[in-house]
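This report concerns only the one structure given below.
Whatever order the structure lists ligands and atoms in, that order sets their numbers, starting from 1. On a predicted model such as this, the values are computed, not experimentally measured, just so you know.
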Amino acid sequence: MSRICLCLTASTLRENLGVLKLCRDNIDMAELRVDLLSASELDRLDRLADFPARCPVPLVLTIRLPEDGGHWGGENAVPGNVCPGSAAAGSAAAGRTLEEQREELFVHLLKKGGWAFVDLEEGRPLERAVSAARQSQTRIIRSLHHFGQAPEKPEAGFWADRLKNMASEDVIPKLAFYCRSSRDVLALAHIARLSSDVPEKVILGMGEYGMPTRILARRMGSLWTYAFHGDSLDDDSPGAKARPAAPGQLSARELDELYRFREITAQTPLFGLLGNPVSHSRSPRIHNTWFREQGLPGAYLAMRTDDVPAALETGRIWGMKGFSVTVPHKAKALELSVASGTLARRIGAANTLLAEGEGWRAENTDAPGFIAALVEALVLKEASALAGMKALVIGAGGAARAAVHALDEAGVKVIILNRTPEKARLLAGEVGARWGGLEQDSAALLVNGADIAVQTTSAGMAPMETVNPLPWWNFRNCRLAFDMVYAPEETVFLARARSLGIKTANGLSMLQYQAALQFDMFRKSAVTE
Ligand code: NAP
């Protein structure tokens with residue numbers, strides 16, 4: 001089992017202990033970032049040396065330099081902040097380098113004992129610290145931090161060999177790369193695969209792209225993942241000043257309770273969301289909650305994706321069984337699939353990929369999810385009751401394609417208006433609909449109004465919160481104004497409809513319905529594989 005290691009990043013030991021207490025149930029170990037403690041805290045070295053004894057979990061001792069992403073050498077490393085009684089104490093402290101002061105502190109703290117691990121960066125000799133660690137039975141982590149570009153796939157072998165060499169020195173190698181693309185994450189997955197015979201290691205990707213490597217520490221062969229205490233606290237609470245120690249870190253609670261990190265084994269069915277952006281997606285919350293509530297093994301994570309083939313290859317390495325696909329990758333997902341459902345082919349976009357043999361099967365649940373939400377909002381018995389109605393669809397992108405084909409299938413007559421009229425024309429041609437631009441000269445198409453108005457563009461959503469794509473329309477004969485956007489809850493389009501007394505619905509129920517259909521497919525694929 002991989003463990004959850006809480007990073008203690010507050011400036012005082014008291015605050016750090018408070019955070020530990022709050023997170024105790026969600027963590028297995030902790031890392032004390034001594035470089036983030038205040039100068040006054042470091043003046044009381046005896047209290048610092050006693051910290052492991054007061055800490056309820058195994059502790060990692062870390063004093064990080066700025067070039068490795070730390071703060072040692074700021075206000076907390078002025079001469080004088082060296083160990084009392086040491087050769088460097090008093091006036092002798094002046095003139096010693098920051099690295100010498102750091103090693104002095106390592107040696108002092110390790111000699112006092114109680115630390116389970118000490119993190120010493122690879123490439124820095126720190127021989128006295130190494131010897132103090134060996135004497136005090138403290139396991140040594142040798143860490144490598146790369147904030148530049150992650151290596152290309154062919155270099156994965158080089159990094160895997162480097163990890164193996166480091167491990168042969170009886171240390172735990174740790175590799176942390178800043179991931180700036182899906183290719184960077186793929187490179188890390190390859191390194192993890194090639195170094196699978198190193199039983200004790202940590203490999204992780206920093207940044208939003210790297211987040212899946214933190215959740216899937218077990219798949220990466222990592223002994224633990226790092227977490228922070230992320231719950232909002234009021235200013236007086238002990239953990240108020242806690243912060244993530246590295247970009248892309250998740251909170252211990254999120255890892256433990258949402259992703260069920262400690263239950264993820266080599267057999268756990270894994271699913272993901274491919275999109276860009278994904279940080280505000282509700283899908284991880286929706287799917288992980290269903291897995292938990294239904295007592296099923298399974299984890300679902302958002303994967304920021306700028307390169308779908310690379311993300312799918314990473315998914316293969318991790319043994320992932322399926323994906324949700326969102327903007328802007330739905331057409332690409334269909335293109336890369338080896339098999340597809342009729343709806344996905346008709347719509348020309350897939351929002352679901354399921355592992356099938358060596359490839360992926362494409363499906364689309366947006367269309368049935370949309371119809372289910374529409375039926376609910378109109379309080380109809382079933383979709384067949386939609387037949388004969390007239391719908392205005394605003395937009396001609398992926399979401400509009402799903403709506404237009406679903407409405408056509410349900411026997412609804414469609415009018416499509418889009419900012420780029422040519423795209424409206426092309427989509428309209430697929431179902432024999434009428435079409436136009438968003439300008440007022442399209443009013444002629446709406447003289448008899450429409451029973452349903454479906455807003456499918458991203459207008460109304462940040463950063464276009466104030467944009468109504470059809471401000472001139474009076475919602476004539478409209479029974480329902482439906483907006484696929486759900487954040488904000490009410491777009492300016494819906495607000496105007498409501499002000500005219502029209503019933504409104506946002507895209508949240510569609511999201512839930514399409515996710516439920518997708519979850520059903522995920523569940524079945526998890527059982528049959
Ligand atoms: P897409 O393929 O990129 O299409 C974007 C559409 O928005 C195009 O028609 C585009 O017009 C139009 N547009 C963009 N900016 C506009 C503006 N300022 N004024 C007028 N029109 C504008 O994206 P998509 O996949 O269709 O997604 C669209 C929205 O639907 C997103 O907000 C997405 O989150 C939401 N959605 C919700 C659900 C759900 O379950 N609730 C499901 C799918 C999608 P042009 O053709 O002129 O560029």
Side-chain angles (χ1 to χ4, degrees), residues 273-283 285-287 302 305 324-335 343-344 347-352 363-374 376-377 392-407 414-428 433 435-440 442 453-473 481-494 504-519:
L273 167 68
L274 307 181
N276 199 359
V278 291
S279 53
H280 301 299
S281 169
R282 297 194 189 199
S283 296
R285 197 155 290 281
I286 292 174
H287 286 277
T305 302
S324 309
V325 186
T326 188
V327 182
H329 299 313
K330 290 183 183 179
K332 189 79 187 169
L334 177 66
E335 188 190 315
L343 258 180
I347 294 164
N351 77 332
T352 311
E363 298 288 352
N364 191 307
T365 66
D366 276 338
F370 165 66
I371 291 293
L374 213 55
E376 180 185 83
L392 161 66
V393 174
I394 305 165
R401 294 191 62 80
V404 165
H405 281 281
L407 288 166
V414 181
I415 298 164
I416 306 166
L417 301 185
N418 190 44
R419 184 177 60 178
T420 310
E422 178 57 11
K423 278 171 71 181
R425 185 182 72 80
L426 290 173
L427 179 55
W435 60 275
L438 294 180
E439 293 71 31
Q440 206 153 352
S442 291
V454 187
Q455 200 301 110
T456 75
T457 79
S458 30
M461 198 174 131
M464 295 188 279
E465 295 97 327
T466 55
V467 181
N468 176 352
L470 215 59
W472 50 265
W473 191 46
F482 187 98
D483 201 320
M484 287 208 188
V485 172
Y486 54 82
E489 268 178 46
E490 185 179 71
T491 58
V492 281
F493 175 78
L494 287 191
T504 63
N506 71 17
L508 195 56
S509 64
M510 171 179 170
L511 180 80
Q512 295 272 359
Y513 278 120
Q514 66 77 24
L517 292 163
Q518 210 166 51
F519 185 79

What is the minimum heavy-atom distance between [X] and [Y], and which atoms define it?
X	Y	answer
Ile371	Ala406	CG1-CB, 3.6 Å
Gln518	Asn351	NE2-O, 2.7 Å
Ala402	Asp366	CB-CB, 3.8 Å
Leu438	Leu470	O-CD1, 3.6 Å
Ala505	Ala377	CB-CB, 4.0 Å

What residues come within 4.0 Å of ligand 1, counting heavy atoms only?
-> Val327, Lys330, Asp366, Gly395, Ala396, Gly397, Gly398, Ala399, Asn418, Arg419, Thr420, Lys423, Leu438, Thr456, Thr457, Ser458, Met461, Met464, Met484, Val485, Tyr486, Gly507, Met510, Leu511

Leu511 vs Ile286, side-chain contact (heavy atoms from CB on, under 4.5 Å): CA-CA, chis, key distance, verdict = CA-CA 10 Å; Leu511 180 80; Ile286 292 174; 3.8 Å; yes

